[in-house]
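For reference, the structure discussed in these notes is given below.
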Amino acid sequence: MPEPAPHPLDNPARASLTGPHAHFAERRGRILRYSPDVTPWLALPDAPEAQDWADVAALAGPGSPVTLTAFREPPPADWEIVFQAEGVQLVDDTVDAAPDPEALLLGPADVPEMLDLVERTRPGPFLPRTVELGTYLGIRRSGVLVAMAGERLHPPGWTEISGVCTEESVRGQGLASRLVRAVAHGIRERGETPFLHAAGSNTSAIRLYESLGFTLRRRTAFLSALVPADPVPAPDARTRDRGTGSLEHVGR
């Protein structure tokens, strides 16, 4: 009896980069990653081999950080782990999704303000082109961006809500909840299902999301490690008779 196909959310970065987000992807061998100015996520195969790690090193470059989600296996021994944390993956169960009259669509012209808000609130990775991953909504007060939320990973049939942050001076007013519901509404309007990730230690955020109608699907893990400054290349059967491997841009 054939094994069931893997769920798109089990390896969400890979499902995104081989699906709706293929136009953002860079590839070497079996390794996929987002363009570095979009988001730091890199996607390994479910069972990486030595050659896969060599391809990660070649793609990222010596001394560069590599960021993985939904991955628990240790990197090679000569890689330095700089961040490792348990996390949770939550999916829409009974979210009361609805548009918000105060929510404004954010775009490239708003990126400087978005980056400034992220710097002050630290919701997670947000880079100059992250806004291109999907819809981002924000709320302004006296013309100043004080809260936002948007879309990141996009496995087939699913969209991750991310970048949820609120300026400290307006916390407690429910702005994050309103924006999450508004982003979820847009996702559902496309016939997709919202999901999100949170650090396992961020119990206040998890409580908020559960109160909105998200439920735990699985526990996961986040890892960031540095490519060795002088990585040892693995034997590569693909290139043994034809020189070095190549870097491909997928769908670009």
Side-chain angles (χ1 to χ4, degrees), residues 4-22 24 34 38-39 41 43 68-71 85-106 114 118 121 123-126 130-139 147-166 171-222:
H7 194 285
L9 297 190
D10 289 346
N11 193 341
R14 191 168 189 85
S16 300
L17 289 167
T18 56
H21 278 175
F24 290 112
Y34 282 89
V38 173
T39 194
W41 299 118
L68 304 168
T69 185
F71 187 75
E86 293 296 308
V88 295
Q89 185 182 79
L90 305 167
V91 296
D92 176 8
D93 184 20
T94 58
V95 175
D96 183 18
D100 189 283
E102 199 178 358
L104 303 171
L105 181 65
L106 302 176
M114 298 168 80
V118 166
T121 57
F126 188 91
T130 301
V131 70
E132 298 176 23
L133 292 175
T135 299
Y136 273 81
L137 301 177
I139 290 177
M148 74 174 190
E151 302 174 356
R152 188 169 62 181
L153 296 180
H154 194 176
W158 300 80
T159 299
E160 180 191 27
I161 298 178
S162 183
V164 182
C165 55
T166 305
R171 288 177 188 169
Q173 299 179 18
L175 302 187
S177 298
R178 289 165 50 189
L179 286 172
V180 168
R181 286 197 292 263
V183 174
H185 173 78
I187 294 169
R188 282 195 189 162
E189 286 290 291
R190 299 197 300 264
E192 298 173 346
T193 303
F195 76 104
L196 48 81
H197 290 104
S201 60
N202 194 350
T203 55
S204 59
I206 294 171
R207 284 196 300 269
L208 169 65
Y209 296 138
E210 289 178 336
S211 73
L212 293 176
F214 287 90
T215 189
L216 177 69
R217 176 182 177 265
R218 69 192 298 242
R219 299 192 180 277
T220 186
F222 309 108

side-chain contact (heavy atoms from CB on, under 4.5 Å) assessment of Val91 paired with Trp158: CA-CA 9 Å; Val91 296; Trp158 300 80; 3.8 Å; yes
Within-4.5 Å side-chain heavy-atom neighbours: Leu133 and Phe24: yes
Minimum heavy-atom distance Asp10-Ala70, with the two atoms named: O-CB, 3.4 Å
Any side-chain heavy-atom pair of Leu105 and Leu137 under 4.5 Å: yes
Validation row: Pro123, Val118 side chains within 4.5 angstrom (heavy atoms): yes
Salt bridge Asp93-Arg217, side-chain N to carboxylate O under 4.0 Å: no
Interatomic distance, Leu212 atom CG to Arg181 atom CZ [nearest 0.5 angstrom]: 6.0 Å
Flag side-chain contact, heavy atom, 4.5 Å: Thr130 against Pro125: no
Sequence neighbours excluded, every pair satisfying side chain to side chain donor-acceptor pair (under 3.5 Å) that has a member inside residues 182-193: Asp92-Arg188, Glu151-Arg190, His154-Glu192, Thr159-Arg190, Thr159-Glu192, Arg190-Glu192
Intermediate values then yes/no, side-chain contact (heavy atoms from CB on, under 4.5 Å), Leu153 and Tyr34: CA-CA 10 Å; Leu153 296 180; Tyr34 282 89; 3.5 Å; yes
Minimum heavy-atom distance between Asp100 and Arg178, given as atom pair plus value: OD2-NE, 2.7 Å
Residue pair Ser16 / Glu160, side-chain heavy-atom distance below 4.5 Å: no
Inter-residue atom distance Gln89.CD - Thr220.OG1, 0.5 Å rounding: 6.5 Å
Pairwise distance OH(Tyr136) to CD1(Ile161) - rounded to 0.5 angstrom: 10.5 Å
Minimum-distance pair of heavy atoms, taken over all atoms of Pro20 and Ala15: CD-O, 4.3 Å
Point-to-point distance, once rounded to the nearest 0.5 Å, from CZ of Arg219 to CD of Glu86: 8.5 Å
Within-4.5 Å side-chain heavy-atom neighbours: Val180 and Phe214: yes
Asp96 and Thr94 side chains, donor-acceptor separation under 3.5 Å: no
Under 3.5 Å: donor-acceptor pair, side chain of Arg171, backbone of Thr166: yes
Nearest heavy atoms of Pro12 and Phe195, plus distance in Å: CB-CZ, 4.4 Å
Smallest separation among heavy atoms of Cys165 and Thr121, with atom names: CB-OG1, 3.2 Å
Side-chain touch Val164/Leu179, heavy atoms, less than 4.5 angstrom: no
From Phe126 atom CZ to Met148 atom CE, the distance as rounded to the nearest 0.5 Å: 4.5 Å
Gap separating the CD1 atom of Ile206 from the OG atom of Ser201, nearest 0.5 angstrom: 7.5 Å
More than 12 heavy atoms of other groups within 6.0 Å of Arg218 CZ: yes
Heavy-atom closest pair, residues Ala13 and Ala43: C-CB, 4.0 Å
